[in-house]
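Beneath this line is the structure, given in structure tokens, with notes to follow.
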Amino acid sequence: MTIKRQKNRIFVFLIITFYKMSEYLNNFESISNSNKSAITEGLNPEQKSAVEIINGPILVLAGAGSGKTRVLTNRIAYLIENNINPSNILALTFTNKAANEMKERIARLVHYKLARNIWAGTFHSVFARILRLEASKIGYESNFSIYDQDDSTSVVKNLMKDANYGSAKLQPANVRGVISSCKNKMISWQEFERSATNSIERQIAEIFREYENTLVRNNAMDFDDLLLNFISLLGKSKDILKEYQDKFKYILVDEYQDTNKAQYIAIQMLAKAHQNICVVGDDAQSIYRWRGAEIQNILDFQKDYPYSKIVRLEQNYRSTKVILAAAHAVISNNSRQIPKKLWTDNPKGDLIEVLACSDDREEARKVAEIIQRMYNSGLNLKDFAILYRTNAQSLSLETSLRALNLPYIIVGGVSFYKRKEIKDVLAYIRILINPKDAESLLRIVNEPPRGLGQTSINHIKEFSKDYNKTLFDVFDNADKVVHLQNRSAQSAKAFASFIRKYSQMLKEMPPVDVISEYINATGILEMYRQINTEDSLDRWSNINQLLFDIKQYFTNNPDLSIEDYIQQISLVADIDEKDLNGNAITLMTLHSAKGLEYPNVFITGLEKGLFPLSRIDTTKEEEEEERRLFYVGITRSKERLFLSYALRRAKFGDVQTAVPSPFLREIPDELTKYWGKPTSGFIENSYQQKTTYPQKTFAKPQPKPAIKESYNQIPDTEQNYSQIQPVVNEYAVGDVVYHNSFGKGRIVALSGSGQARKATITFNSVGQKQLILHFAKLKKM
DNA sequence: TAAAAAATCGTTTTT
DNA sequence: CGATTTTTTA
């Protein structure tokens with residue numbers, strides 16, 4: 001019986017395979033130009049099996065630097081080579097950048113026309129794309145808005161104001177956090193309400209309920225909804241589920257250790273029918289627990305898929321032996337983990353250098369000076385990364401890099417798209433697309449002032465609630481709203497018809513022709529120009545920059561709609577938009593650094609309380625996550641690793657004292673060397689054994705043999721620093737430059753630094769303008 | 001209603 | 001300290 005069934009199965013399998021082959025030959029033969037041997041060539045045996053076992057569930061435990069990306073891309077290429085239709089492949093990554101890179105690399109292995117058909121992106125962007133198509137099936141319109149964290153917080157804040165909730169204990173941002181973490185764990189407001197034990201929780205439950213209602217009413221989804229609504233779409237009917245199961249016959253998930261419950265369920269539903277699921281991850285690199293990631297997902301994979309195969313990638317191709325040994329020593333202090341040990345054939349490498357500093361300014365100065373010396377000895381600035389635990393730490397580092405004229409880019413911090421004026425303009429555009437989006441409407445209704453202050457808005461909001469009309473409808477019929485001053489009513493009506501006019505235009509004309517005129521007509525640019533302060537002119541030029549950006553977008557993608565543009569920028573992470581290959585040092589948080597690698601890495605701020613970051617009620621789980629984060633940081637480094645701490649650090653204006661991080665103690669002594677003299681106040685017992693300091697002051701580093709001479713050529717004096725050549729990419733007053741839309745111009749002033757560096761330029765065509773160099777893409781002439 | 005003055009708060013980490 | 005939010009005043 002069993003044998004017979006098995007024979008049948010094999011027979012069916014053969015038929016399907018044969019069918020797929022002929023389908024493949026018919027469709028793709030003509031454009032397939034790849035070379036099969038190239039795909040598995042040069043892979044080690046484990047990598048090879050991770051690429052070649054294409055059917056059935058497979059867990060790839062990929063240690064840091066073990067060639068994970070290569071396995072993922074080659075696996076997809078291999079699937080395509082084996083007659084799998086690219087449009088049946090779903091690859092979910094952590095950032096859009098990772099997805100795009102993957103696609104590019106696949107395009108080099110198989111024909112680009114095949115590569116572009118795979119479904120690759122973040123969970124959020126792929127699901128959003130599908131939800132646009134299927135919106136009507138779950139009670140949404142396809143033009144739904146996507147709310148980011150700020151938008152969500154603002155919704156919560158308004159709801160709390162309406163309900164008169166709120167106290168020191170109950171703040172909008174916290175409530176939003178509670179709601180989001182419930183949604184991450186797939187807990188509905190009803191469940192939350194049922195489990196509420198005190199009045200605070202009952203209040204949150206009420207806000208939660210209203211929050212969900214508001215978003216549906218606004219035809220809007222937050223980030224969590226993109227996952228949850230996708231799941232509910234799949235749950236709608238057997239047919240829909242089957243459709244997507246058959247669509248995504250081959251599923252790959254990167255960074256599986258950082259998936260949350262909703263992502264886990266979504267994958268499980270999709271993979272259930274065909275079971276061709278390959279997840280790649282490393283439990284030691286799970287760093288998003290605070291965002292709902294469940295490390296258990298990767299630990300339980302074998303339970304969830306009993307017939308799964310496991311491949312361990314334990315050979316590290318990235319780092320030196322010293323770095324790997326340090327990483328291993330650190331992570332060994334964690335309790336629960338899948339046992340594995342990374343090894344490498346790479347050389348031993350330099351010792352890890354620990355920089356003891358008396359305060360954060362000294363720390364920043366040392367880091368900058370070391371980089372400058374290494375740069376002058378011939379290294380490339382793009383080969384340096386400075387990592388920190390919190391974004392706030394970038395400030396002193398920036399100052400010292402600027403002082404030495406070293407160009408840098410910052411990933412994260414206040415992103416361009418999070419600036420008030422940019423969010424305002426985007427809200428103006430969103431309301432054209434989705435008139436139900438009350439959040440966007442309220443944001444811009446009195447920006448610039450239109451005589452519609454808080455009182456008028458409250459009346460309008462009340463009316464919309466009482467008569468169950470959308471805010472936009474009420475604006476349109478403002479003369480019917482009682483208590484509303486006639487003047488305000490006229491103003492509201494005028495605003496509604498203004499929006500309607502451009503909304504109509506957008507349906508008839510290409511977006512690029514409408515948007516610029518529309519934003520000009522809103523008066524927001526004129527407002528900032530009139531205020532005429534440094535700050536307001538900044539905002540003015542930021543908006544112009546955005547408009548230029550939009551223009552570029554549609555020049556490059558003439559077939560796309562304004563909806564596509566908004567969706568695209570709603571889901572971009574900072575890391576996605578940054579070009580990290582320029583001649584600049586990269587500054588970012590340890591979280592942003594995940595998945596990246598650099599020859600030279602600095603991890604700064606290794607102080608107790610800062611890294612590991614701790615609060616009064618830090619749990620053991622949180623502590624271990626900090627340690628994993630440190631592990632991630634260490635393993636970013638290919639050759640040289642610098643760890644620094646400061647005994648005093650400026651915080652909120654005043655200065656706080658600190659003690660070196662306990663993490664430093666976890667690295668064996670023989671792997672490190674200390675730099676600089678022991679600073680007064682540096683008294684922790686465990687460090688005193690290590691006090692073999694090379695020089696009395698901030699001494700020269702022990703250079704790598706190859707670059708020894710160049711080190712010695714540059715004496716360690718203040719004077720020499722000022723003689724160093726200005727950095728390339730840097731502009732000077734008087735330079736003649738070319739701008740894509742404004743043409744030729746001359747720089748008359750420069751201000752700011754880093755990505756905020758701005759130039760005032762007099763253009764022949766349009767006169768004087770302020771531009772952010774980072775965005776302006778100027779050419780020097 | 002809008003501008004000016006005063007007060008408040010914060011720093012994790014991000015799709 | 002500095003940006004944002006709330007309160008006061010015209």
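Lettering of chains follows the sequences in order, A, B, ..., and the numbering in each one begins at 1.
At least one side-chain nitrogen or oxygen of A/S592 sits closer than 4.0 Å to the OP1 or OP2 atom of B/dT14. The side chain of A/Q171 places an N or O atom within less than 4.0 Å of a non-bridging phosphate oxygen (OP1 or OP2) of B/dG10. Side-chain nitrogen and oxygen atoms of A/T589 include none within less than 4.0 Å of the OP1 or OP2 phosphate oxygen of B/dT12. The phosphate of B/dT15 (OP1 or OP2) has no side-chain N or O of A/N184 nearer than 4.0 angstrom. Dashed line: the shortest gap from a side-chain N or O of A/T455 to OP1 or OP2 of B/dT1 is under 4.0 Å. Between A/N391 and B/dT11 there is no side-chain polar atom (N or O) within less than 4.0 angstrom of OP1 or OP2. An OP1 or OP2 oxygen of B/dT1 is reached within less than 4.0 angstrom by a side-chain nitrogen or oxygen of A/S456.
Along DNA chain B, the nucleotide closest to A/T93 and the one closest to A/A392 are compared, and the more 5′ of them pairs with A/A392. Each of A/H591 and A/G453 was assigned the nucleotide of DNA chain B with the nearest heavy atom; the assignment lying further toward the 5' end belongs to A/G453.
Look at the P atom in both B/dT11 and C/dT6: the space between them is 15 Å, to the nearest Å. Between C/dG2 and B/dT13, the two C1' atoms lie 22 Å apart (nearest whole Å).
Cation-pi check for A/K594 over A/F94 is met; the charged atom lies under 6.0 angstrom from the ring centroid and within 45 degrees of its normal. Taking the centre and axis of the six-membered ring of A/F144, the NZ or CZ atom of A/R132 falls inside the cone set by 45° and 6.0 Å.
Straight-line distance from the NZ atom of A/K420 to the C1' atom of C/dT5: 13 Å, rounded to whole Å. Across the protein-nucleic acid pair, A/R628 atom CZ and B/dT12 atom C1' stand 16 Å apart, rounded to whole Å. Here C/dC1 presents its P atom at 15 Å from CD of A/Q656, a figure rounded to the nearest Å. When the C1' atom of B/dT1 is taken as reference, atom CG of A/N458 falls 13 Å away, rounded to whole Å. Computed from coordinates, the A/F123 CZ to B/dT14 P distance equals 19 Å when rounded to whole Å. Across the protein-nucleic acid pair, A/M527 atom CE and B/dA3 atom P stand 10 Å apart, rounded to whole Å. Taking atom CD of A/Q568 as the reference point, atom P of B/dT15 lies 14 Å away to the nearest angstrom. For A/K97 and B/dT14, the NZ to C1' distance is 16 Å, given to the nearest whole Å.
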- Query: How far apart are the C-alpha atoms of A/E421 and A/N542, what are their side-chain angles, what is the distance that settles it, and do they pass the side-chain hydrogen bond (donor to acceptor under 3.5 Å, both in side chains) test?
  - Reply: CA-CA 8 Å; A/E421 66 276 18; A/N542 286 339; 2.7 Å; yes

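When the nucleotides B/dT15, B/dT12, B/dT14 are ranked by their closest atom to the side chain of A/F223, B/dT15 comes out on top. Checked against B/dA3, C/dT6, B/dT13, the side chain of A/K157 finds its nearest nucleotide in C/dT6. For A/N446, counting side-chain heavy atoms from C-beta on, the closest listed nucleotide (B/dA2, B/dT11, B/dT12) is B/dA2.
In the model, A/E439 has a side-chain atom that pairs as donor or acceptor with a side-chain atom of A/S154 under 3.5 Å. There is a side-chain donor-acceptor pair under 3.5 Å between A/N260 and A/N184. Side-chain atoms of A/E666 and A/N333 form a donor-acceptor pair, as typed in the model, at a separation below 3.5 Å. Side-chain contact annotation: A/N334 with A/Y631, donor-acceptor N/O pair under 3.5 Å absent. In the model, A/N96 has a side-chain atom that pairs as donor or acceptor with a side-chain atom of A/S125 under 3.5 Å.
Side-chain atoms of A/N297 never come within 3.5 Å of backbone atoms of A/Y256 as a donor-acceptor pair (strictly under, hydrogens ignored).
Evaluation of A/F94 against the base of B/dT15 yields no stacking contact (centre distance < 5.5 Å, interplanar angle < 30° required).
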- DNA chain B base-pair string [pairs: Watson-Crick or G-U under 3.5 Å; |: paired with another strand]: ||||||||||.....

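Of the candidates A/R176, A/K418, A/K423, A/D148 forms a salt bridge (Lys or Arg N to Asp or Glu O under 4.0 Å) with just one, namely A/K423.
Residues from residues 144-152 of chain A that place a heavy atom under 4.0 Å from any atom of DNA chain B, listed by number: A/Q149.
Ring-centre distance between A/H483 and A/F463: not below the 6.0 Å cut-off.
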